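Worksheet for the structure shown next.
Predicted model only: the values in this text are computed from it and were never measured.
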Amino acid sequence: TAKSDLVDAIACLQSESAVKDLLAEKVTETETVLEQTRKQGADALEASAVADQERYTALQWELQSVRSELAATNAAQSSSSDEVASIREAAAKEVSAIREETEEVRTALAKAEAAVSASQTDREESENRSKAERKVLSKEVRNLRKSLAEAQAA
């Protein structure tokens with residue numbers, strides 16, 4: 001039994017040694033992955049910082065451009081205020097003329113709608129009269145046919 005105990009102890013030691021080696025390998029792999037992840041994170045952070053700096057610089061240039069355009073617009077605006085006043089006056093006259101024309105068109109439209117309505121009423125009345133006349137004529141034709149048939153029979 002001492003020999004089997006010794007064999008069991010050796011097997012246990014070998015098993016523990018294998019587990020220790022496996023765990024050491026896993027730790028090494030995990031440390032490698034961790035290092036790669038840290039490097040990728042640092043690279044991404046650096047790229048993000050560069051991109052932010054580039055965006056900031058581009059926005060500064062755009063801001064300067066807008067300021068220049070604003071200054072030019074202000075200069076042009078102050079020199080053309082009389083022109084703006086005359087354009088406004090002309091626009092006001094045009095708006096007034098358009099309003100008058102619109103009112104005339106509305107009046108003409110109302111008259112046309114009234115005429116269409118009257119025409120529809122006349123048409124309906126004519127159709128009703130025509131139907132009534134057709135009924136009368138059809139009765140008269142039936143009576144004449146009946147009279148003709150009676151006259152031929154007699």
Side-chain angles (χ1 to χ4, degrees), residues 15-154:
S15 175
E16 286 180 12
S17 176
V19 168
K20 180 182 171 189
D21 291 344
L22 178 66
L23 289 176
E25 184 179 326
K26 289 290 184 184
V27 167
T28 304
E29 288 175 4
T30 304
E31 286 175 345
T32 303
V33 169
L34 178 62
E35 188 58 35
Q36 288 174 349
T37 304
R38 283 183 183 160
K39 186 174 187 230
Q40 288 173 349
D43 291 346
L45 183 61
E46 184 179 340
S48 176
V50 169
D52 285 347
Q53 183 62 36
E54 288 174 357
R55 254 184 300 194
Y56 179 74
T57 303
L59 286 174
Q60 282 182 325
W61 282 105
E62 188 176 339
L63 179 61
Q64 183 61 35
S65 173
V66 169
R67 284 181 180 161
S68 298
E69 289 177 18
L70 179 62
T73 302
N74 286 341
Q77 183 181 13
S78 63
S79 68
S80 65
S81 61
D82 291 338
E83 187 178 323
V84 169
S86 67
I87 290 173
R88 283 186 180 165
E89 185 178 323
K93 288 179 183 177
E94 186 71 23
V95 167
S96 177
I98 289 172
R99 284 184 180 154
E100 289 175 12
E101 186 178 338
T102 302
E103 192 56 40
E104 291 172 4
V105 168
R106 284 184 181 160
T107 302
L109 178 62
K111 287 180 182 177
E113 286 175 343
V116 166
S117 177
S119 293
Q120 284 177 341
T121 304
D122 289 345
R123 189 177 127 247
E124 288 171 2
E125 288 174 2
S126 292
E127 285 178 0
N128 289 338
R129 273 188 260 127
S130 175
K131 284 180 185 177
E133 286 176 5
R134 273 190 245 138
K135 277 185 179 180
V136 168
L137 287 175
S138 117
K139 282 182 183 179
E140 200 171 314
V141 166
R142 274 188 250 133
N143 287 338
L144 286 173
R145 284 183 182 159
K146 187 177 179 182
S147 295
L148 179 64
E150 288 174 1
Q152 286 176 351

(message) Between Glu127 and Lys131, does any side-chain N to carboxylate O distance fall below 4.0 Å?
(response)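 No.
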(request) Inspect the contact between Glu103 and Arg99 and indicate whether a charged nitrogen and a carboxylate oxygen are less than 4.0 angstrom apart. (result)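 The answer is no: the pair does not qualify as a salt bridge.
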Taking [Y]'s backbone N and O only, do any of them form a donor-acceptor pair with [X]'s side chain (distance below 3.5 Å, no angle check)?
X	Y	answer
Ser65	Trp61	no
Ser48	Ala44	no
Ser130	Ser126	no
Ser117	Glu113	no
Thr37	Val33	yes

Starting at [atom1] of [X], measure out to [atom2] of [Y] and round the result to the nearest 0.5 Å.
X	Y	atom1	atom2	result
Gln64	Glu69	CD	CD	11.0 Å
Leu148	Asn143	CG	CG	12.5 Å
Leu144	Lys139	CG	NZ	14.0 Å
Ile98	Glu94	CD1	CD	4.5 Å
Leu137	Lys135	CG	NZ	13.0 Å
Arg123	Asn128	CZ	CG	10.5 Å

(message) Under the rule for side chain to side chain contact (heavy atoms under 4.5 Å, CB included), what residues qualify as partners of Arg38, not counting sequence neighbours?
(response)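 Arg38 satisfies side chain to side chain contact (heavy atoms under 4.5 Å, CB included) with Leu34, Glu35 once adjacent residues are dropped.
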(message) For Glu101, I'd like to know if atom CD has over 12 heavy atoms of other residues, nucleotides or ligands within 6.0 Å.
(response)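 No, CD of Glu101 has 12 or fewer neighbouring heavy atoms, counting only those of other groups under 6.0 Å.
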(message) If you count heavy atoms of other groups shown closer than 6.0 angstrom to CD of Glu29, is the number above 12?
(response)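 It does: Glu29 CD has more than 12 such atoms within range.
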(message) Could you walk me through whether Leu63 and Leu59 satisfy the side chain to side chain contact (heavy atoms under 4.5 Å, CB included) test, starting with their C-alpha distance in whole Å, then the side-chain angles of each, then the deciding distance to 0.1 Å, before giving a yes or no?
(response) CA-CA 6 Å; Leu63 179 61; Leu59 286 174; over 6 Å; no
(request) Please assess Arg134 against Ser138 for the test side chain to side chain contact (heavy atoms under 4.5 Å, CB included), listing each intermediate value before the final yes or no. (result) CA-CA 6 Å; Arg134 273 190 245 138; Ser138 117; 6.0 Å; no
